[in-house]
Protein chains: 2
Amino acid sequence: MSTGNGRAPYRPGAEGARPSKGERTRARVLDSAAELFSRSGFNAVSLRDIAAHAGLTHAGLLHHFPGKDRLLLEVLERRDLIDARELFPGLLRPGSPAPEPARRLRLLLELVARNSRTPGLVALYAKVSAEATDPDHPAHAYFARRYRYLRTELTGIVADLQRAAGTGDAVDPGVVAGQLLALMDGLQTQWLLEPEAVPMEALVRDFLDRLGLLPTDDPEATAGPETGDGAGTESGDGAEAGGVSR
Amino acid sequence: MSTGNGRAPYRPGAEGARPSKGERTRARVLDSAAELFSRSGFNAVSLRDIAAHAGLTHAGLLHHFPGKDRLLLEVLERRDLIDARELFPGLLRPGSPAPEPARRLRLLLELVARNSRTPGLVALYAKVSAEATDPDHPAHAYFARRYRYLRTELTGIVADLQRAAGTGDAVDPGVVAGQLLALMDGLQTQWLLEPEAVPMEALVRDFLDRLGLLPTDDPEATAGPETGDGAGTESGDGAEAGGVSR
DNA sequence: GTCTATAAGTGGATAGAC
DNA sequence: GTCTATCCACTTATAGAC
């Protein structure tokens with residue numbers, strides 16, 4: 001019941017080969033599903049809504065996906081594929097090697113900053129992860145695995161940063177990892193409700209800064225011209241590089 | 001649409017007077033609704049489910065509540081009434097006076113500890129607050145108000161504690177308040193997914209302790225025989241009084 | 001690969017009997 | 001105060017035409 005026997009195929013048909021019509025329809029459906037799940041959660045959205053948004057009928061949609069549950073899981077997995085491929089490589093292929101700690105810290109802060117520009121995705125994870133708390137939810141196993149993995153990885157990152165910064169081990173890295181993960185999640189709910197009142201990135205930076213885990217004054221850690229999309233990585237809220245403390 | 005013109009009556013018919021049959025049915029329905037919303041969120045639960053659980057038909061239920069939306073709001077408001085009456089009095093009656101800071105800190109930690117014993121309520125707030133992120137959700141205004149109020153109150157508490165502890169104002173109380181609120185929320189999702197791996201109370205204590213906001217070694221702050229329900233306030237996970245740091 | 005048509009069921013809500 | 005009966009919109013899912 002919660003073991004999840006069937007994995008999603010995800011056959012991109014080689015790396016750069018031009019996608020077939022079916023593959024393009026699949027992609028359109030996944031885009032629509034992501035957008036609508038983001039807006040209203042999993043339970044409140046129907047296959048007809050998604051199909052209509054993607055420009056086909058719900059019967060046509062079901063030709064590509066065996067059911068609503070599987071569609072959700074593919075949406076979630078595709079997001080990880082795009083969003084956290086380098087920062088958390090083990091999310092998709094368990095055991096994959098990760099970059100060095102300083103780079104991962106930068107990628108983590110970039111992820112928070114990017115989230116501040118994509119309310120849809122943030123809402124998707126906020127809503128679905130809360131729903132998936134129920135053991136019977138189709139994405140329960142996905143999120144349970146995900147959080148366990150993230151806590152483990154963050155614990156490693158924090159421990160490495162402590163070692164590098166010479167902060168000693170007065171603070172348990174596992175504790176900080178759990179707090180950091182909770183902080184990032186909790187900020188998202190607040191931010192979705194009142195975006196202007198909750199500068200997510202600044203609050204995360206401040207948390208890490210108080211622990212001495214932020215590079216002293218490395219301007220590269222603020223703006224990383226790396227993630228492909230271009231655009232100026234504008235912080236918007238005008239937070240100082242070391243957090244917002246007085 | 002989001003102004004919420006009609007308030008719930010909540011007429012307890014004097015304070016101690018024995019409730020009428022209608023009032024008892026209402027209460028039963030609210031209990032059932034709270035339990036089922038906790039288990040599956042708002043959208044996934046039907047009025048028929050709730051009515052059946054409370055031992056009446058869904059038409060009978062609708063005699064007491066004008067619709068599903070109003071039922072949800074009454075469930076949420078009743079929880080606040082019971083749970084945070086003293087800690088956050090302004091949640092129900094804006095402008096009500098609050099107890100002194102040290103006592104509020106203790107009440108706050110007690111609230112976290114109590115949550116660790118009531119997964120149902122935690123799940124209710126986790127799921128519905130995520131859903132309510134959507135501006136069209138019936139509880140959107142409720143949660144927007146709630147979070148704004150909580151941030152304001154927590155900012156005051158933190159500032160008072162800083163003054164009392166003589167920690168200075170190196171750390172912005174508003175920042176800490178936002179982080180603390182996010183921490184508590186985020187921990188709940190993690191805890192619901194994997195309770196043994198996430199000692200909520202210890203992680204919150206640790207956060208506050210690192211800021212020097214916890215009373216040095218006051219045993220009273222750990223167990224407060226105050227909240228009426230009795231029961232031993234057992235911590236369960238065996239966390240040290242000052243947090244779990246090494 | 002996508003459609004129409006349809007099955008079989010559940011949703012919130014109302015009317016009126018008792 | 002609670003019931004039965006009913007309405008209508010909408011759900012997932014299947015069968016078979018094009």
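So that the names make sense, note that chain A is the first sequence line, chain B the second, and so on, each numbered from 1.
- Shown for residues 41-55 of chain B: residues whose heavy atoms fall under 4.0 angstrom of DNA chain D, namely B/Arg48.
- A/Leu62 comes within 4.0 angstrom of a nucleotide base, judged by non-hydrogen atoms across all strands.
- When the P atom of D/dT11 is taken as reference, atom CG of A/Leu71 falls 15 Å away, rounded to whole Å.
- Place A/Gly67 and B/His58 on DNA chain D by their nearest nucleotides, and B/His58 ends up nearer the 5' end.
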Quiz item: Given the rule in the side-chain hydrogen bond (donor to acceptor under 3.5 Å, both in side chains) test, do B/Asp80 and B/Tyr142 qualify, once you have shown the distances and angles that lead to the verdict?
Solution: CA-CA 12 Å; B/Asp80 286 337; B/Tyr142 171 87; 2.3 Å; yes
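- One N or O on the side chain of B/Gln190 and one on the backbone of A/Gly178 form a donor-acceptor pair closer than 3.5 Å.
- Residues B/His137 and B/Phe42 bring their aromatic ring centres within 6.0 Å.
- The shortest heavy-atom contact between B/Leu193 and A/Ala132 is CD2-O, 3.9 Å.
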Exercise. Quick one: do B/Asp185 and B/Tyr147 satisfy side-chain hydrogen bond (donor to acceptor under 3.5 Å, both in side chains)? Show the steps, please.
Key: CA-CA 11 Å; B/Asp185 276 358; B/Tyr147 274 98; 2.5 Å; yes
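- Considering A/Leu30, A/Ile50, A/Leu47, A/Leu73 as possible partners of A/Phe65, the one that fulfils the side-chain contact (heavy atoms from CB on, under 4.5 Å) test is A/Leu30.
- Checked for salt-bridge contact, A/Arg78 and A/Glu74 miss the test: no charged N lies under 4.0 Å from a carboxylate O.
- Side chain of B/Arg28 to main chain of B/Ala54: a donor-acceptor pair is present (N/O by atom type, distance under 3.5 Å, no hydrogens or angles).
- Of all nucleotides in DNA chain C having an atom under 4.0 Å from a heavy atom of chain A, the first and last in 5' to 3' order are C/dG1 to C/dT6.
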